[in-house]
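So the structure is just underneath, and the comments pick up after that.
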Amino acid sequence: MIEIKPSVCPYDCPDCCGLLIEVEDGRAVRIAGDPEHAFTRGTLCPKMAHYERTVHSEKRLMTPLRRVGRKGEGRFIPIRWDEAIAEIASHWHAIIADYGAEAILPYSYAGTMGTIGYSAGHALFYALGATSLDRTICAPAKSRGYRDVMGATLPTAPQEAQSSDMIILWSISMLATDIHFCHDIDAARRNGAKIYCIDTYRTKTADYADAFLCPRPGTDGALALGILHILVQDGLADRAFLKEYVQGADALEREILPRYTPEAVEAITGISAEAIRSFAHAYGSARAPFIRLGSGQSRYINGSMTSRLITCLPAFVGAYARKGGGLLTSASGSHAFDKSIIRRPDLERPGVRHINMCELGRVLNDASLTPPVKSLYVYSSNPACTAPDQNQVLRGLQREDLFTVVHERFMTDTARYADIILPATTSLESEDLYYSYGHYTIQRARAVIPPVGESKSNWQTACLLARAMHLNDPIFQKTEEELVQELIGSIRKAWPLPLTSSQLQQLKDCRPVDLPLPADYKLHFATPSGKIEIENPCCQPPLPDYLPSHRDSEPFHLINAPDMRILDSSFNERDELTRGNIMTLLIHPDDAAARGLQDEDPVLARNKRGHAHFTLKLSDRVKKGTLVTEGIWWQTCTKDGNVNRLTSMRLTDKDGGSTFYDVSIDLEKA
Ligand SMILES: Nc1nc2c(c(=O)[nH]1)N[C@H]1C(S)=C(S)[C@@H](COP(=O)(O)OP(=O)(O)OC[C@H]3O[C@@H](n4cnc5c(=O)[nH]c(N)nc54)[C@H](O)[C@@H]3O)O[C@H]1N2
Ligand SMILES: Nc1nc2c(c(=O)[nH]1)N[C@H]1C(S)=C(S)[C@@H](COP(=O)(O)OP(=O)(O)OC[C@H]3O[C@@H](n4cnc5c(=O)[nH]c(N)nc54)[C@H](O)[C@@H]3O)O[C@H]1N2
Ligand code: SF4
Ligand SMILES: [Mo]
């Protein structure tokens, strides 16, 4: 008998889709987008259209495994769960006795975005006294830039864009990374809205837009200042809005903007003064412009400042006062539940060491670190593939004295370096509660099929380890179902408005629920002054100004953008998705000609951190001086490593974010 059961897409994607799963004899046989979900609206992306191929893949890890070969070789033998847990506990007890608990480092990210799954290790490692991980790999600089201007103000809901007349897709590869926003754009388009894309190369999203601006990598802060310069100079600023709702616009106008003439900004960004003027006029004359800001611009050493400058734009045109206008960076769905229920920050030992995940390659090799990292516990992440400066990460993972445990669904690049591998469930096999960073719909998902093989969820595994380490906080006795109930109960405290009793029932019944937004949420500025803070006295500097990005001596700038077929390194297990063009490097035909390179040439890209092989593709989609590659591929799909052989551990100007796109390389024929 076929049953249709609701679930939620667990991946690190702003869309957080509602799913309908056809289940037959305990197997998922078909996946569809939920038509009743307010953002999904019945469609799915190409990756998830066949999620059953991931869930029931022949490549799933079925049992715990113990390493028998060399580190990284990938030879393992099956063991029982009780043996695996006992072995981990005995290593950890010995490491704690010799070095202290800070010698243990957890490493995890958003393999699952479920509120429980994502944070399942927090309480365990806090209670152990292990080193705490700062989870900075994605876009903390973007969030910081937004916060420096807007405080805790709720970002504009994506559906609002339906009423906009000008939508700007700013450093977002929307057709790959936020495809359901098309529903809103298409609705706006039917009413005559014009769509702009601002990206460092002509993506498919740029083709989908009506107009395209292409700044030099890392220069969007100057572009924002150039737009503001014109808005002010040509009388397009909304003076009434600025007076009532904005702090410090006059200081910016006086002290910063005069330097950012269109000609000066052309020199920095490479966008013509004429195009900057024309864009500023379109923005200043639109009735209700809407900016959807992705993360591309934030992955540079100036990332938080750039994001802060872009966040100033809607204030100058009063976009928040108009239906359809605003700015969406990351939606605040994460505030829906009280996450301390699962994260238990009270268990973290005061003064315990913190390590920034972007610096994994450094800390694994740093002999002067006290205590050294002697054990690494990885779950929901694949750092051997996705972390910057891969040669350093792999060198660290090769250490014979590093006891590495990886909890995974597949034999990833990282799992190959494990001493013990534990098999993980997929989202269809575990219960969780989901919120989105791209919209305001939340949803509970129950397990819809039994665990595949002997796999266990992140929470179940954390509880087994807690017991083996003799941790007796009562949280480790709780089931996921109990935690979900507590999290649902916390909404009343955590979200600005209460849910109705029928919404609470819907949530319990695993139906999608739209978090209620206060009627005036766009004009409720949750900052210390109660206004939008263009000048922020708590920031250094108080007025935002353009910061240049990093520049090494190599001649080309390398952008490594998302690939439509995979998500970070997830979905690499699907041969039908990874077949064909991977490790392609787009180059402008003039740059290729200047170096005597031709289409389809095998090339070696290099810088001081390492090298990687690519196949060249001549394309006028990229600017001269910029090279582009898409996707983070498993090593097994590449010749000798992926793009992260070239990326750097440098951090953003604030909040220690990753700088994946702030990379220079040189190129030669392989
Ligand atoms: N299919 C697919 N979906 C994904 C992912 C994936 O890998 N594949 N990854 C997921 C994750 S973890 C995240 S964080 C999101 C990210 O989603 P996005 O925000 O869409 O992706 P980014 O990687 O930030 O890059 C977006 C675009 O920024 C451009 N860009 C780079 N530098 C600059 C710049 O200086 N200025 C401007 N204007 N543009 C620039 C890149 O060329 C790219 O097209 O997507 C999620 N969804
Ligand atoms: N060069 C370059 N590198 C990048 C980026 C880039 O744009 N360019 N993007 C960066 C960004 S934005 C991000 S967010 C990071 C993401 O990097 P990662 O955190 O490494 O994300 P994934 O590659 O998706 O790996 C997630 C892993 O979790 C596993 N998993 C899924 N569900 C579960 C579960 O329930 N339990 C357990 N234990 N495991 C599970 C999956 O099988 C998968 O192998 O990559 C970063 N790396
Ligand atoms: S990956 Fe994103 S777009 Fe695709 S189903 Fe999941 S949430 Fe939706
Ligand atoms: Mo990310």
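In each ligand, atom 1 is the first atom listed, and ligand 1 is the first ligand listed. Computed from heavy atoms alone, side chains included, the values below leave out hydrogens, waters and symmetry copies. One is the number of the first residue; the rest follow in order along the sequence.
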Has G218 got any heavy atom lying under 4.0 angstrom from an atom of ligand 1?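 In this structure, G218 qualifies as a contact of ligand 1 - some heavy atom is under 4.0 Å.
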Closer than 4.0 angstrom, basic N to acidic O: yes or no for [X] and [Y]?
| X | Y | result |
| --- | --- | --- |
| R409 | E429 | no |
| R621 | D207 | yes |
| R299 | D662 | no |

Side chain to side chain contact (heavy atoms under 4.5 Å, CB included), paired with T652, selected from T136, I301, T659: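 Of T136, I301, T659, side chain to side chain contact (heavy atoms under 4.5 Å, CB included) with T652 is met by T659 alone.
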Nearest non-hydrogen protein atom, [atom]:
| atom | result |
| --- | --- |
| atom 6 (Fe) of ligand 3 | C9 SG, 2.3 Å |
| atom 4 (Fe) of ligand 3 | C45 SG, 2.3 Å |
| atom 2 (Fe) of ligand 3 | C13 SG, 2.3 Å |
| atom 5 (S) of ligand 3 | M48 CG, 3.3 Å |
| atom 23 (O) of ligand 1 | Y661 OH, 2.3 Å |
| atom 44 (O) of ligand 1 | D199 OD2, 2.6 Å |

Per-atom contacts, ligand 1 versus [X] - under 4.0 Å to a heavy atom:
| X | answer |
| --- | --- |
| M564 | 1 (N) |
| I198 | 38 (N) |
| A176 | 1 (N), 2 (C), 3 (N) |
| G294 | 19 (O) |
| Y201 | 42 (O), 44 (O) |
| P217 | 35 (O) |

Parallel, tilted or perpendicular: ring planes of [X] versus [Y], cut at 30 and 60 degrees:
| X | Y | answer |
| --- | --- | --- |
| Y300 | H557 | tilted |
| F290 | F181 | tilted |
| H439 | H37 | perpendicular |
| F125 | Y377 | tilted |

Which is closest to [atom] by heavy-atom distance: [options]?
| atom | options | answer |
| --- | --- | --- |
| atom 12 (S) of ligand 1 | D568, D220, I559, T626 | D568 |
| atom 45 (O) of ligand 1 | D178, T329, T177 | T177 |
| atom 6 (C) of ligand 2 | T425, I632, D563, T112 | I632 |
| atom 46 (C) of ligand 1 | T205, I137, D12 | D12 |
| atom 43 (C) of ligand 2 | E408, M411, R60 | E408 |

Using a distance threshold of 2.8 Å, state whether an N, O or S atom of C17 lies below it from atom 6 (Fe) of ligand 3. no
[X] heavy atoms, cut-off 4.0 Å: which ligand 2 atoms fall inside?
| X | result |
| --- | --- |
| R299 | 12 (S) |
| S569 | 22 (P), 23 (O), 24 (O), 25 (O) |
| Y109 | 14 (S), 19 (O) |
| N644 | 1 (N), 2 (C), 3 (N) |
| T412 | 44 (O) |

List the steps and the verdict of side-chain hydrogen bond (donor to acceptor under 3.5 Å, both in side chains) for R609 and T647. CA-CA 8 Å; R609 287 173 295 276; T647 54; over 6 Å; no
Proximity to ligand 1 by part of [X], non-hydrogen separation under 4.0 Å:
| X | result |
| --- | --- |
| K47 | side chain |
| Y300 | side chain |
| T203 | side chain |

Counting the benzene-type ring for Trp, do F571 and Y11 have ring centres under 6.0 Å apart?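 For F571 and Y11, the ring centres are under 6.0 Å apart.
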Among side-chain atoms of N302 and Y546, is any donor-acceptor pair under 3.5 angstrom? no
Does one side chain, of S430 or E480, offer a donor that lies under 3.5 Å from an acceptor on the other? no
Report the part of [X] (side chain from C-beta onward, or backbone N, CA, C, O) that has a heavy atom under 4.0 Å from ligand 2; answer both or neither where that applies.
| X | answer |
| --- | --- |
| T386 | both |
| A424 | side chain |
| T426 | neither |
| N458 | side chain |

Taking heavy atoms and a distance under 4.0 Å, where does C16 meet ligand 3: side chain, backbone, both or neither?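 Within the 4.0 Å criterion, C16 contacts ligand 3 through backbone atoms alone.
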[X], any N or O under 3.5 Å of ligand 1 N or O:
| X | answer |
| --- | --- |
| T219 | no |
| P562 | no |
| C138 | no |
| P14 | no |
| T200 | yes |

Polar-atom distance check: N560 versus ligand 2, any N or O pair below 3.5 Å?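 Checking ligand 2 against N560, an N or O pair does fall under 3.5 Å apart.
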What I'd like to find out is whether the side chain of H611 reaches to under 4.5 Å of the side chain of D640, using heavy atoms alone. yes
